[in-house]
Amino acid sequence: MPTSWADSISAAENLAAARPKSSYVPPHLRNRPASTDPPAQASYAGPAASSQDQSGYGGPNIGGSRWSGPRNDFRSGYGGGGGRGGGWNNRTGGWDRGREREANPFANDDAEPFVEPENSGINFDAYEDIPVETSGDNVPPPVNTFVEIDLGEAVNQNIRRCKYVKPTPVQRHAIPIALAGRDLMACAQTGSGKTAAFCFPIISGIMRGQFPRPPRPRVAFPLALILSPTRELSCQIHDEAKKFAYQTGVRVVVAYGGAPINQQLRELERGVHILVATPGRLVDLLERARVSLQMIRYLALDEADRMLDMGFEPQIRKIVQQMDMPPPGVRQTMLFSATFPKEIQGLALDFLSNYIFLAVGRVGSSTDLIVQRVEYVQENDKRSHLMDLLHAQRENGAHGKQALTLVFVETKKGADSLEHWLCMNGFPATAIHGDRTQQEREHALRSFKSGNTPILVATDVAARGLDIPHVAHVVNFDIPNDIDDYVHRIGRTGRAGKTGLATAFFNENNSSVARALADLMQEANQEVPAWLSRYAARSSHGGGKNRRGGNRFGGRDFRKDSSFNRGVTDYYGGSNMSSGYGAPGGYGAAAYGGAGVTSAWD
DNA sequence: AAAAAAC
């Protein structure tokens, strides 16, 4: 009986030699010339395995629990050999044809409307000193290159297609941890490359692993679940994951609210390995019994602190603890959060098993890539001041296109009225916020990304995680009351090692964040206006919620606190602190490639 | 106080 894809491969090759017209060929071998014959009986778990062979979750470290018991009831496999629905290839007739029909997710990458200015190569130096801290039991050592991690040829090829040259700090540490099968609590911000950090190990694990067939048709049994707080973020993770999984045979499906559910249901019925979802829609699908979590082996929660802020905790706990998802230890869980407050610590305790803690220093604010400006602007002068800024940068556009400007406001109403006002005054603006329909939201985002509408007015729906290349300028028209939101907002520019500009309109209404703002700017080596320092000194109620006590990280491993001591001496093993990439000789300049090379910063 | 999210 095949126990892994590797075994399946040799079995398939033997079969191919004997019966060239009707052999099963594992998906990742199918670009081999000799293996292009149509499979007669595609099976996800292996070649024509009998139902007796489908033994539970099968992992070596999982035996003994009810989750690994023999399953005799699986019929309709991922390969789509039997049953209606539930399979992969009911529509396309076979793996190969399915693969041919897989849209090329890289197709639009060359259609960029923007021309890179010269000398815009990635500023890797800016990341050299990003501090990284790990702690936990037997932490796998970090890697320095993608080559060291063998993710398989198909994934390696996708890494090249993505033009990733070297892993980011969070990837260097998180990928080996995840590949070792360990649970992970990572404090890292968007922009740190974490999407790839959790996608690569999941894809690799699904390719290598052996899984039972889905037990029922018309119900989706994903092997991996990725939860994220906003619809747009889910879309973005889905788009990226499809690139990483291109031609691996691993199928990625996204489900989120605001969009017609029927199309999502059809996609799910065609088979799904990795499901990316927002919590609300997923709960809906679970209650309709169209998705089952009983085969989940990988769970990733992105922007966990944001999800809790948004009141998702009940839904998340329902999904993770009250449906049919395997418990911690059986599944592998990765929890990503920009900060590590009590509530997240609680989730970590409940969702993770003997996890490794990983903290990566702040990206957006701690580098010099983003020039931060604060200007004193009275409430009534904000619009005309914004107009001045927009006029001033009109000349900066290339090829008749204006540089992209993202304007953050506090309220949905404010977003509507500012968009309207800009348009009335001849500025090509659009807006995105939670009261717009999903269609409007996606249209606004596309129009902005393409440069057709180079001004986007947004609420915090767009503050976190969204990766919009080429945003030259972020304007905090209204300064958020939470300095973390400010950090996330300005992080929409200065992406992928490019420089960016962030301007904030400050007045009396913002005095409560004056201190935090001044400190943050100082930490990022920005010029702090004297008047802001005076505000900061005046409202010196420091030590507020967002003071981090000089910690450059979003949080620390609370298990190391003396108050969290369960009497297990040295159980959590050593703590490693590594600053930057270590030996400078480790990275030849040649590795960075020429101009236009992008890194794996997401 | 506002933002986000299922129908």
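Each chain gets a letter, A, B and so on, in the order its sequence line appears, and its residues count up from 1.
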Worksheet item: OP1 or OP2 of B:dA6 less than 4.0 angstrom from a side-chain nitrogen or oxygen of A:Arg288, does that happen here?
Response: no
Worksheet item: Counting just side-chain N and O atoms, does A:Lys412 come under 4.0 Å of either OP1 or OP2 of B:dA4?
Response: yes
Worksheet entry | Check ion pair A:Arg446-A:Glu232 (N to O, under 4.0 angstrom) | no
Item to complete: Classify the ring geometry between A:Phe357 and A:Phe340 as parallel (under 30°), tilted (30 to 60°) or perpendicular (over 60°).
Response: tilted
Worksheet item: OP1 or OP2 of B:dA4 less than 4.0 angstrom from a side-chain nitrogen or oxygen of A:Arg231, does that happen here?
Response: no
Practice prompt. Round to the nearest Å and state the distance from A:Asp416 atom CG to B:dA3 atom P.
Written response: 10 Å
Worksheet item: Looking across every strand, which nucleic acid part, if any, lies under 4.0 Å from A:Gly311 by heavy atom: base, sugar-phosphate, or nothing?
Response: nothing
Worksheet entry | Atom pair distance, as rounded to whole Å: CG in A:Leu301 and P in B:dA5 | 17 Å
Worksheet item: Can you find a side chain N or O atom of A:Arg441 that sits less than 4.0 Å from OP1 or OP2 on B:dA5?
Response: yes
Worksheet item: Out of A:Leu299, A:Leu275, A:Asp324, which residue meets the side chain to side chain contact (heavy atoms under 4.5 Å, CB included) rule with A:Leu293?
Response: A:Asp324
Practice prompt. Consider the side chain of A:Thr230, meaning its heavy atoms from C-beta on, and name the nucleotide among B:dA5, B:dA1, B:dA3 that approaches it most closely.
Written response: B:dA5
Worksheet item: How is A:Gln315 classified with respect to the nucleic acid when contacts are heavy atoms under 4.0 Å: base, sugar-phosphate, or nothing?
Response: nothing
Worksheet item: In terms of side-chain heavy atoms of A:Glu287, which of B:dA3, B:dA6, B:dA5 is nearest?
Response: B:dA6
Practice prompt. Using atom CG of A:Asp478 as one end and atom P of B:dA3 as the other, report the distance to the nearest whole Å.
Written response: 11 Å
Worksheet item: Please give, in whole Å, the distance from B:dA6 C1' to A:Leu286 CG?
Response: 12 Å
Fill in: Where at least one partner belongs to residues 333-342 of chain A, residue pairs that pass salt bridge (charged side-chain N to carboxylate O under 4.0 Å, His left out), sequence neighbours excluded
none
Worksheet item: How would you label the contact of A:Arg306 with the nucleic acid (heavy atoms, under 4.0 Å): base, sugar-phosphate, or nothing?
Response: nothing
Fill in: Between B:dA4 (P) and A:Asp302 (CG): distance, integer Å
18 Å
Discussion item. Going by the rule ring pair (Phe, Tyr, Trp, His ring centres under 6.0 Å), which residues pair with A:Phe244 if we only count those two or more places apart in sequence or in a different chain?
Written reply: A:Phe200
Worksheet entry | Closest nucleotide among B:dA4, B:dA6, B:dA2 to the A:Thr278 side chain | B:dA6
Worksheet item: Whole-Å distance between B:dA1 P and A:Asp485 CG?
Response: 17 Å
Worksheet item: Which part of the nucleic acid, if any, lies within contact of A:Val283, taking any heavy atom under 4.0 Å across all strands shown: a base, the sugar-phosphate backbone alone, or nothing?
Response: nothing
Discussion item. Rounded to whole Å, please give me the gap between NZ in A:Lys318 and C1' in B:dA6.
Written reply: 11 Å
Item to complete: Measure the distance from CG on A:Leu233 to C1' on B:dA5 and round it to the nearest whole Å.
Response: 13 Å
